Q: 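Next up is a structure, given as structure tokens.
Predicted, not measured: the structure shown is a model, and the values here were computed from it. All heavy atoms count here, side chains included; hydrogens, waters and symmetry mates do not.
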Amino acid sequence: MLALWESAVRWKESGHGMLFSTLQVVFPIFATVGVGYGFGYAGLLSKQVGDNLSTFCITVLIPVLIFRTLATSDLAGLSPWALWGTYYTALATSAVLGGYMVRKVFGREARAACIGGFSAAFSNMSLVGIPVITSAFGQEALVPISLIISVHAPSVTLVFVLAMERAVVVDGYQEARPFKDVMHSLFTTLIKSPLVIAILLGVGWNFSGYELPVLLDGVLHPLAKAASPVALFSVGMTLLNYGVRGNIAIGSVLSLLKIVLMPALVLALGAYVFPLSPLWVAVATLAAACPTGVVAYLYASQFGTGHAMSANSISLTTIFSIITMSFWLWILNFLGY
């Protein structure tokens, strides 16, 4: 009886310890998001400032961070295939379910189903994932998150564009474009992406065997260090652009798929199907638990459909990720990851 009581006390203490350590990681991150939202809401900074900060992060700070990480990390012997298999199997499942729910359950057009699938699967890894994951697991976590990001935008964008090209035809808005033209347009867009350029340069520099010059790293290091706080502040400010509007049922379903189902699938696949190290399982799970990326709304605006569902998905997943990312971080700590 005494042994059972002591075990219960130890479990309680360890539970409180894990909860406190989780709070130490999550609170400063989402407090920074809240500060950004507060500055925007109070009118201390204009909406344009938030948009400019996001652009600055995506085009300068995050690419610098990823380049520096890939250029200076030891990539010898690393195989990303199991990591990609884990993450993108879960991503594809969530996207298909999201599109199916929008098309078949809610009866929306094919274009809206594409936006729904994208909203249910595309993580805001650059602005939210990197700060959370590095705070939780340290700088060594930058290698697996960079490997996920390296094919995130290219692969998801490729599938989305091809699906949307078909959806536009199904909805009767235009005739099918030649596949060659679609791929040329997509390749031109991707090759100009700062993230793609940073990844290619970082991997190329790493394989060259040269160290970064001290003077160059003296410039890159402070920029890379600024990426996380500036990104989080900008996320808070840009939340004002979206809000929750219209019928929230679709957005709520897509949000559940994004921040509940998708990380659960990644955790299960990484732990039991693909041979991933504990750190890589944890990083992939938190990456999947990130809120929906703002690109979902940009695509909705571009194709003229799904504005409310994408905006609601972005807002709801960002707001509730305070709880869900804390939950997944606690689960990972509890399971020993």
Side-chain angles (χ1 to χ4, degrees), residues 51-85 87-88 91 122-135 137-161 183-232 234-235 279-280 283-284 286-287 290 293-295 298:
D51 294 338
N52 290 340
L53 281 176
S54 294
T55 302
F56 179 54
C57 285
I58 294 298
T59 57
V60 179
L61 298 183
I62 299 298
V64 166
L65 174 63
I66 290 177
F67 167 77
R68 186 173 181 271
T69 298
L70 294 176
T72 59
S73 298
D74 182 10
L75 302 181
L78 290 181
S79 174
W81 297 108
L83 178 66
W84 290 342
Y87 188 85
Y88 290 103
L91 184 149
F122 193 83
S123 288
N124 193 349
M125 276 189 278
S126 295
L127 298 183
V128 177
I130 289 176
V132 173
I133 289 167
T134 53
S135 295
F137 302 111
Q139 294 301 303
E140 61 269 24
L142 279 172
V143 172
I145 189 66
S146 295
L147 290 173
I148 294 175
I149 291 174
S150 68
V151 295
H152 189 234
S155 62
V156 176
T157 302
L158 171 63
V159 174
F160 172 80
V161 168
M183 294 305 296
H184 179 267
S185 176
L186 178 62
F187 178 78
T188 302
T189 300
L190 289 177
I191 202 64
K192 294 179 181 178
S193 167
L195 286 175
V196 173
I197 294 172
I199 291 162
L200 294 176
L201 290 177
V203 172
W205 192 288
N206 189 294
F207 287 167
S208 74
Y210 291 107
E211 293 186 0
L212 284 178
V214 175
L215 291 179
L216 175 61
D217 196 42
V219 176
L220 298 179
H221 179 64
L223 289 173
K225 193 173 181 180
S228 290
V230 176
L232 293 170
S234 70
V235 167
L279 175 63
W280 286 30
V283 168
L286 283 188
C290 288
V294 297
V295 181
L298 299 181

Q: Mind listing the closest non-hydrogen atom pair of Ile62 and Ser126 along with its distance?
A: CD1-O, 3.4 Å
Q: Using side chain to side chain contact (heavy atoms under 4.5 Å, CB included) as the criterion, list what pairs up with Ser73, not counting sequence neighbours.
A: Thr69, Leu75, Val143
Q: State the CG-SG distance between Asn52 and Cys57, to the nearest 0.5 angstrom.
A: 11.0 Å
Q: Shortest non-hydrogen contact from Ala224 to Val64?
A: N-CG1, 4.0 Å
Q: For Leu83 and Pro144, which heavy atoms make the closest approach, and how far apart are they?
A: CD2-O, 3.6 Å
Q: For Thr55, enumerate each residue passing the side chain to side chain contact (heavy atoms under 4.5 Å, CB included) test, keeping only those at least two apart in sequence or located in another chain.
A: Thr59
Q: Provide the closest heavy-atom pair for Asn206 versus Leu70 in the form atom of the first, atom of the second, distance.
A: ND2-O, 2.7 Å
Q: Can you tell me how far the CD1 atom of Ile149 sits from the CG atom of Leu65, to the nearest 0.5 Å?
A: 8.0 Å
Q: Using 0.5 Å steps for rounding, measure from the CG atom of Leu53 to the CD1 atom of Ile58.
A: 11.5 Å
Q: Measuring from atom OG of Ser150 to atom CD1 of Ile145, what distance do you get when rounded to the nearest 0.5 angstrom?
A: 10.0 Å
Q: Taking only residues two or more places apart in sequence or in another chain, which ones pass side chain to side chain donor-acceptor pair (under 3.5 Å) with Ser123?
A: Tyr87, Lys258
Q: Looking at OG1 of Thr72 and CZ of Phe67, how far apart are the two atoms once the value is rounded to the nearest 0.5 Å?
A: 9.0 Å
Q: Side-chain contact, heavy-atom cut-off 4.5 Å: Pro154 with Val196?
A: yes
Q: List the atom pairs, donor and acceptor, that lie under 3.5 Å between side-chain atoms in residues 207-214 and the rest of the protein, sequence neighbours left out.
A:
unit_1: Ser208; atom_1: OG; unit_2: Trp205; atom_2: O; d: 2.5
unit_1: Ser208; atom_1: OG; unit_2: Tyr210; atom_2: N; d: 3.3

Q: Where is the tightest heavy-atom contact between Leu232 and Pro131, given as atom of each residue plus distance?
A: CD1-CB, 3.8 Å
Q: Using ring-ring contact (aromatic ring centres under 6.0 Å, His included) as the criterion, list what pairs up with Phe122, not counting sequence neighbours.
A: Phe118, His152
Q: One pair to check against side chain to side chain contact (heavy atoms under 4.5 Å, CB included): Trp280 and Leu78. What are the steps and the verdict?
A: CA-CA 12 Å; Trp280 286 30; Leu78 290 181; 3.9 Å; yes
Q: List the atom of Ala226, the atom of Leu61, and the distance in Å for their closest heavy-atom pair.
A: O-CD1, 3.9 Å
Q: Using 0.5 Å steps for rounding, measure from the CD1 atom of Ile130 to the SG atom of Cys290.
A: 9.0 Å
Q: Restricting to side chain to side chain donor-acceptor pair (under 3.5 Å), what partner residues turn up for Asp217, sequence neighbours left out?
A: Arg68
